[in-house]
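Remember, it's 1-based here, ligands and their atoms both numbered in the order they're listed.
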Amino acid sequence: MDKIYDVIIIGAGPAGMTAAIYAKRAELDALMIEKNFCGGGQVLNTYEVDNYPGMPGINGFDLGTAFSDHVDKLGCERVSEEVTGMELKGDIKTVNTDQGLYRARAVILATGNSPKKLAVPGEEEFAGMGVSYCATCDGAFFKDKVTAVCGGGDVAVEDAIFLSRGCQKVYLIHRRDELRAQKSLQTALFNTENIEFVKDSVVKEIKGEGKVSSILIENVKTGELSEISADGIFVAVGNEPNASYAEGLDCDEKGYVKASEDCKTNIPGVFAAGDIRSKRLRQITTAVADGANAVTSLQEYLI
Ligand code: NAP
């Protein structure tokens, strides 16, 4: 393909979509590449977002869709293709996808992250048969059943609260006695009768026949093993970066792309925005800020 875009934005979560909005408003020739048909990123799987200014309690799908509609309204070119490789060095960057090849003077990486696995026996075997990484996607399959959530962050606590509305009982299994989640979520959790907090415990095995029937846990303080009868387990132990393409990019020890607030990476003309970037706070608000900052830096670079 002969065409050379000003910028290719990879990923259509809040960071990528904000970058697309800022790029179009700066009259840049931009292409957004997203592997899913539906733009929005992880926000789409969030039941309720209560900390995005001006939109208290908005449904995640509605917020993601609003971002996406805004991008379309400004006429940003976009394709649903999976990136298979990139050549980021040099003045013209090349992005290969499962359907073609695109070139641009600059690239914004906004590919976010994916749920981390527990890596215990049974997790892979029962994936989709009681093991899930998305409560809002799969919670409805567990109506009136007993489920467990593993993790102690915002996502785990939000998932437990969400599941408690339809499930008979929800166990929240966490490896420490203190949760990492925001206090307001903790208050809501501890005020929910059908949630039981199983502290100081790690999942050792997910058991069942054809589908999940119980979870073997170990108390990390006493070493005691016990089994919880449950029809499903939702794993919410954090995320890992979607940066397998990161050849030549400086990354931190967890694999997130190193870039400061200006989103500039170690490769000229390559910017990292949103959850993929090495940073302290990963929220929709900070992803959106990155999208705007990346385009500002990119404009300076192109000049
Ligand atoms: P997170 O904040 O990194 O929490 C991960 C949790 O899983 C921690 O409690 C951690 O335990 C536990 N964990 C990690 N590895 C484990 C393992 N191998 N076995 C057992 N437990 C393990 O991740 P998150 O909850 O997915 O949230 C990701 C980011 O999105 C965070 O920055 C969060 O603030 C943000 N977020 C924000 C909102 C909101 O503002 N409404 C909503 C959702 C997510 P330790 O606590 O012991 O480390």
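Between K207 and E227 there is a salt bridge, since at least one side-chain N of the basic residue sits less than 4.0 Å from a carboxylate O of the acidic one. Using a cutoff of 4.0 Å between basic side-chain nitrogens and carboxylate oxygens, K258 and D252 are not scored as salt-bridged. Between D290 and K279 a salt bridge is recorded (basic side-chain N to carboxylate O distance below 4.0 Å). For the pair E240 and K116, the salt-bridge criterion is not met [side-chain N within less than 4.0 Å of a carboxylate O]. With salt bridges taken as basic N to acidic carboxylate O contacts below 4.0 Å, none links R78 and E34. Contact check on D29 versus K3 returns a salt bridge, with a Lys/Arg side-chain nitrogen under 4.0 Å from an Asp/Glu carboxylate oxygen.
Considering only non-hydrogen protein atoms, atom 42 (C) of ligand 1 sits nearest to E158 OE2, 3.4 Å. Nearest to atom 17 (C) of ligand 1 among the protein's heavy atoms is R175 NH1, 3.6 Å. Atom 20 (C) of ligand 1 has as its closest protein heavy atom V237 CG1, 3.7 Å. Among protein heavy atoms, atom 2 (O) of ligand 1 sits closest to R180 CD, 3.6 Å. Of all protein heavy atoms, the one lying nearest to atom 33 (C) of ligand 1 is D154 OD2, 3.3 Å. At the shortest separation from atom 23 (O) of ligand 1 among protein heavy atoms lies G238 CA, 3.4 Å. The single protein non-hydrogen atom nearest to atom 30 (O) of ligand 1 is R282 O, 3.3 Å, given as residue, atom name and distance. The protein atom (non-hydrogen) at minimum distance from atom 37 (C) of ligand 1 is Q283 NE2, 3.0 Å.
Ligand-side atoms of ligand 1 in range of K116: 14 (C), 15 (N), range being under 4.0 angstrom from any heavy atom. Residue contact check: Q182 has heavy atoms under 4.0 Å from atoms 39 (C), 40 (O), 41 (N) of ligand 1. Against a heavy-atom cut-off of under 4.0 Å, R176 is close to the following atoms of ligand 1: 45 (P), 46 (O), 47 (O). Contact atoms of ligand 1 toward G152: 6 (C), 7 (O), 8 (C), 9 (O) (distance under 4.0 Å to a heavy atom of the residue). Under a 4.0 Å criterion applied to the non-hydrogen atoms of V155, ligand 1 contributes the atoms 24 (P), 25 (O), 26 (O), 27 (O), 43 (C), 44 (C).
By heavy-atom distance, the residue among D159, V203, N239, L179 lying nearest atom 28 (C) of ligand 1 is N239. When the heavy-atom distances from atom 19 (N) of ligand 1 to L118, T46, V202 are ranked, the shortest goes to L118.
Between L281 and ligand 1, no pair of N/O atoms sits closer than 3.5 Å. Residue contacts with ligand 1: G153 is placed with a nitrogen or oxygen under 3.5 Å of a nitrogen or oxygen of the ligand (distance criterion only).
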### Query
Yes or no on side-chain contact (heavy atoms from CB on, under 4.5 Å) for V237 and C150, after CA distance, side-chain angles and deciding distance?
CA-CA 7 Å; V237 295; C150 182; 3.9 Å; yes
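Under the 4.0 angstrom criterion for non-hydrogen atoms, E178 is not in contact with ligand 1.
Contact check for I10 versus I108: no side-chain heavy atoms found under the 4.5 Å cut-off.
In this structure, R277 fails the cation-pi test against F271, since its NZ or CZ atom is not both closer than 6.0 Å to the six-membered ring centre and inside 45 degrees of the ring normal.
Among all heavy-atom pairs drawn from I217 and I228, the shortest one is CD1-CD1, 3.8 Å.
Atom OH of Y245 has more than 12 heavy atoms from other residues, nucleotides or ligands within 6.0 Å.
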